[in-house]
Amino acid sequence: MVSLAEKIAEPKSIKKGMSFAHAFSGMQDVIAAKSDGILHDLTDVAEKDILATPVFKDSPDGLHILRHSAAHLLAQAVLQMYRNAKPNAGPPTDEGFYYDIYMDPISSDDLQAIEKRMKELVAKKIPIVKRVLPRKELLEIFKNNKFKRERIEEKVLEGSSSTAYSQAEFTDFCTGPHVPNTGYLRAIKLLSVSSAYYKGDENLEKMVRIYGTAFPDSRSLEEFLRMRAEAAKRDHRRIGHEMDLFVFNSEMAPGFPLYTPNGTTIRNEMVKYMREMNQSRGWEEVTTPHVFRDELWKRSGHYAKYLSDMFVFELKGDGYGLKPMNCPGHIQVFDRKVYSYRDLPVRYSEFGTLYRYEKSGEVGGLTRPRSFTQDDGHAFVRMDQIADEISSILEVIREVSTKLFRVPLLSFDLSLIDKNNPENFLVSYKCRSCGHISEIRGKSTGNISCSNCSSGDLKPDFTKWDRASSYLAEALDKAGLEYREFPGDAAFYGPKIDIHVKDALGRDWQISTVQVDFFMPGNFGLYFVNSEGRKEDIIMIHRAVYGSLERMMAILIEGTAGKLPTWLSPHQVFVVPVSDDSLEYAEKVNRHLISLGIRSRVDHSQESVSKKIRTLHDLRPSYILVVGAKEVENNTVTVRDAFNRQAVFSYMDFAEKISGEISERRVTNLLE
RNA sequence: GCCGCCGUAGCUCAGCCUGGUAGAGCGUGUGCUUGGUAAGCACAAGGCCGCGGGAUCGAAUCCCGUCGGCGGCUCCA
């Protein structure tokens, strides 16, 4: 995101009947006004004596308005060029705006022509005029556009009025506000064209969605475009290819990553570190198969909810499914004996590879593959152990983040059940006629009825959900973490904390998760024996720290542009001899580094030093050691890091320092 | 799954609109060059133009289907 220049927005008192434009006349870059938290057009007139602040075009509000107006401009241009187009809606977004228009598909060439037309309209500085119109009249204006008509019918109450904005022949139903004229929209750019469903419903009309953006000036627009180009260069699919980390064979294994030796090195380092963390915190590792009989998935609730997203097959009359989650498998391991209250918690971890049949339009790269490996863990605990368990998992997550990210910018979401739509979740239902409590798994069970008296009059009982949610919230509070709540985003078996990280380009990625589950242990009949000798329910806590190795690798690659922390780097050192005269010394240095456990290689190519550096650049080695006659004589190495910094070290000194950097898993390197 | 765009050498891409049987750069191999921090020089090898069908004397090129990839939409345990 481009940083916005701060301007001082002093409130001004405005007399009834005065326009905001008049009040802020003489001030530069004001495009709207704000009063009592409500945005107004400059042409609006104060209805009473009020205080109002100017909205500058480079403020967050101003940018929003600018982009909203740019969306209108887009629609105007499209309508001029395509007579049958029917605009639906065109909101501003975080990065720009889009407009959904019902029309024949267009190509990116058409986009250029539309942008050209928009710029012509900008040059004309067409005044943008607001009108307050009764519902009837609005409907009349849009009588040929069913999408606008439906919006008006939904949003404007019978007998009331709303606003329309016009610029020349173009009119849009819109609450505004907007810039005073199209001349304010000089820095605009159309970005892409794709499709969207009307109201997001695949059964309704397909709209052409045109994406664009607008900025207060061309400099910030160019900066934005530069950042976008930079982001594209950091695409993990591109860098993964340059670094030779993984391949996708679209014919033989669509959506399934295949790891090269380099990529496998990264995975192994990630796993090694997590094993250390697990081992020191009482997480035992288990191994479960990739295939189970479908009976397991029926019991766990996966069949009811996710069958169409699973890889399933039949063999000699028996149904099987590849695991989409590890938890039911871990339950099978856990359930081999009877547990006393003293045995708990039991913590199982597994680097479990999961298979999910992601739909064809959704797979892509390592962020959405069809097979991926979770650093999964399930803690089987007593009720009184939940809080501590969650807290300690949150601690691990925070510690691990310091080994992965230079600046770990974590954010925490609390994902809860949507009590208005409980049918998407495992919920207990209380029968209104007999009082029996039934547990219903997922919505695909169809019409639900009481398992005791068969009455269909059931009332959802959220006691377990509420309790689980409060444990998560308390753990977050205790750790002093700020978080946001998202009703409806919970897992089907329980609420969860999702942890996101922001990468170097400001993009947000979900990584870790902590989930409290009161249901699945019950479905599998898990229990422990309490101090009074009675059976008591076991609670499961699901957690993943990296999330998936695949997605974490993608985040690390994109966040660092492939310049990974040395401990994760597949190429920690490349020794480059200047000529064959220094080859022997290069080999000696290399052998010594390898003996210290460092991933080091000698570049044997018969090329110039420049060419060698250029070629190695794609692999992003942490350090390139150039050695020639000078180094041979002085027992030194000339070190060049991935950021092109250079320094001379005695080679024993370098070996010692890089060993320390790697063993401490530092995110900073020796040359900074 | 839906809409749009795309699929040509190991990689990145041109050729396709306006049909006449395939091109570049990088990489690879060989030779020369022994080089001091982001491309030294030359030559050579390398392609069922994703797959299947159709119309045409003739298809990488036009049409249909299919499988993939990308951008979105929807979904994401």
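Keep in mind it's a predicted model, so treat the numbers as computed, not measured.
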Working for side chain to side chain donor-acceptor pair (under 3.5 Å), residues A/Glu633 and A/Tyr585: CA-CA 10 Å; A/Glu633 186 171 340; A/Tyr585 178 74; over 6 Å; no
Check against salt bridge (charged side-chain N to carboxylate O under 4.0 Å, His left out), A/Arg543 and A/Glu389: CA-CA 10 Å; A/Arg543 65 105 244 228; A/Glu389 197 61 37; over 6 Å; no
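Annotation: side chain to side chain donor-acceptor pair (under 3.5 Å) contacts of A/Tyr493 (sequence neighbours excluded): A/Gln515. The salt bridge (charged side-chain N to carboxylate O under 4.0 Å, His left out) check on A/Arg368 picks up A/Glu358, with sequence neighbours excluded. Checked against side chain to side chain donor-acceptor pair (under 3.5 Å), A/Ser569 has the following partners two or more places apart in sequence or in another chain: A/Ser622.
In this pair, A/Tyr355 and A/Phe256 present their aromatic rings tilted. The plane angle is within the 30 to 60° band.
Using P as the reference atom, B/G72 and B/G54 are 38 Å apart when rounded to the nearest Å. When the P atom is used for both B/A60 and B/G53, the distance is 14 Å, rounded to whole Å. Separation of the C1' atoms belonging to B/G20 and B/C11 is 30 Å when rounded to the nearest angstrom. The same atom, C1', is picked in B/U21 and in B/G58; the two are 9 Å apart, to the nearest Å. B/C26 and B/A44 have their P atoms separated by 15 Å, with the value rounded to a whole Å. Only the P atoms considered, B/G31 is 27 Å distant from B/U37, to the nearest whole Å. A distance of about 13 Å separates the C1' atoms of B/G23 and B/G46, rounded to the whole Å. Rounded to a whole angstrom, the distance from the P atom of B/G68 to that of B/U30 is 39 Å.
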Reading 5' to 3' through nucleotides 36-48 of chain B, protein heavy-atom contacts under 4.0 Å coded B for base, S for sugar-phosphate only, - for none: BBBBB--------
Per-nucleotide protein contact string for nucleotides 1-14 of chain B (B base, S sugar-phosphate only, - none; heavy atom under 4.0 Å): BBBS------S---
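Identified under the ring-ring contact (aromatic ring centres under 6.0 Å, His included) test for residues 605-644 of chain A, with sequence neighbours left out: A/Tyr623-A/Phe654.
Among the heavy atoms of the strands lying under 4.0 Å from A/Tyr211 are primed sugar atoms or P, OP1, OP2 only; no base atom is included. Across all strands, A/Tyr493 comes closer than 4.0 Å only to sugar-phosphate atoms, never to a base (heavy-atom distances). Counting any heavy atom pair closer than 4.0 Å across all strands shown, A/Val576 reaches no nucleic acid atom. Residue contacts shown for A/Gly255 are limited to sugar-phosphate atoms, with no base heavy atom under 4.0 Å away.
Summarising the geometry, the separation between CZ on A/Phe519 and P on B/A77 is reported as 17 Å, rounded to the nearest angstrom. The distance from atom CG of A/Asp489 to atom C1' of B/C75 is 13 Å, rounded to the nearest whole Å. Between the C1' atom of B/A77 and the NE2 atom of A/His330 lies a distance of 15 Å, rounded to the nearest Å. Protein atom CZ of A/Phe248 is 17 Å distant from nucleotide atom C1' of B/C67, rounded to whole Å. Rounded to an integer number of Å, the gap from CG of A/Asp498 to P of B/C76 is 13 Å. A straight line from CD1 of A/Ile210 to P of B/C73 spans 15 Å, rounded to a whole angstrom. For A/Arg368 and B/G69, the CZ to P distance is 14 Å, given to the nearest whole Å. Atom CE in A/Met243 sits about 19 Å away from atom P in B/G27, given to the nearest Å.
Residue side chain A/Asp581 does not reach the base of B/U34 through any donor-acceptor N/O pair under 3.5 Å, judged by distance alone. The base of B/C73 does not come close enough to the side chain of A/Arg209 for any donor and acceptor atom to sit less than 3.5 Å apart.
Comparing A/Pro254 and A/Gln515, the nucleotide of RNA chain B nearest to each residue sits closer to the 5' end for A/Pro254. Take the nearest nucleotide of RNA chain B for A/Arg356 and for A/Ser250: the residue whose nucleotide is more 5' is A/Ser250.
Both distances falling under 3.5 Å, in either a Watson-Crick or a G-U wobble arrangement, occur for no nucleotide opposite B/A38. In this structure, B/A59 makes no Watson-Crick or G-U wobble pair, since no nucleotide meets both defining distances under 3.5 angstrom. Of the nucleotides present, B/G69 is the one that pairs with B/C5 by Watson-Crick or G-U wobble criteria, both distances under 3.5 Å. Base-pair partner of B/U28: B/A44 (Watson-Crick or G-U wobble, both distances under 3.5 Å). Applying the Watson-Crick and G-U wobble criteria (two distances, each under 3.5 Å), B/G19 pairs with nothing in any strand.
With hydrogens and angles disregarded, no donor-acceptor distance shorter than 3.5 Å links the side chain of A/Ser512 to the backbone of A/Ile499. Under the 3.5 Å distance criterion, the side-chain polar atoms of A/Glu350 are matched with a main-chain donor or acceptor of A/Thr288. A donor-acceptor pair is defined here as one N or O able to donate and one able to accept, closer than 3.5 Å; such a pair exists between the side chain of A/Arg67 and the backbone of A/Asp94.
Distances from the side chain of A/His302 to the nucleotides B/G71, B/G68, B/A77 place B/A77 closest.
Of the candidates A/Tyr320, A/Trp297, A/Phe311, A/Phe313, A/Trp297 is the only one forming a ring pair (Phe, Tyr, Trp, His ring centres under 6.0 Å) with A/Phe292.
Contact between the side-chain N/O atoms of A/Arg237 and the OP1/OP2 oxygens of B/C70 is found at a separation under 4.0 Å. The side chain of A/Tyr355 places no N or O atom within less than 4.0 Å of a non-bridging phosphate oxygen (OP1 or OP2) of B/A77.
Surrounding CD of A/Glu584 are at most 12 heavy atoms belonging to other residues, nucleotides or ligands under 6.0 Å away.
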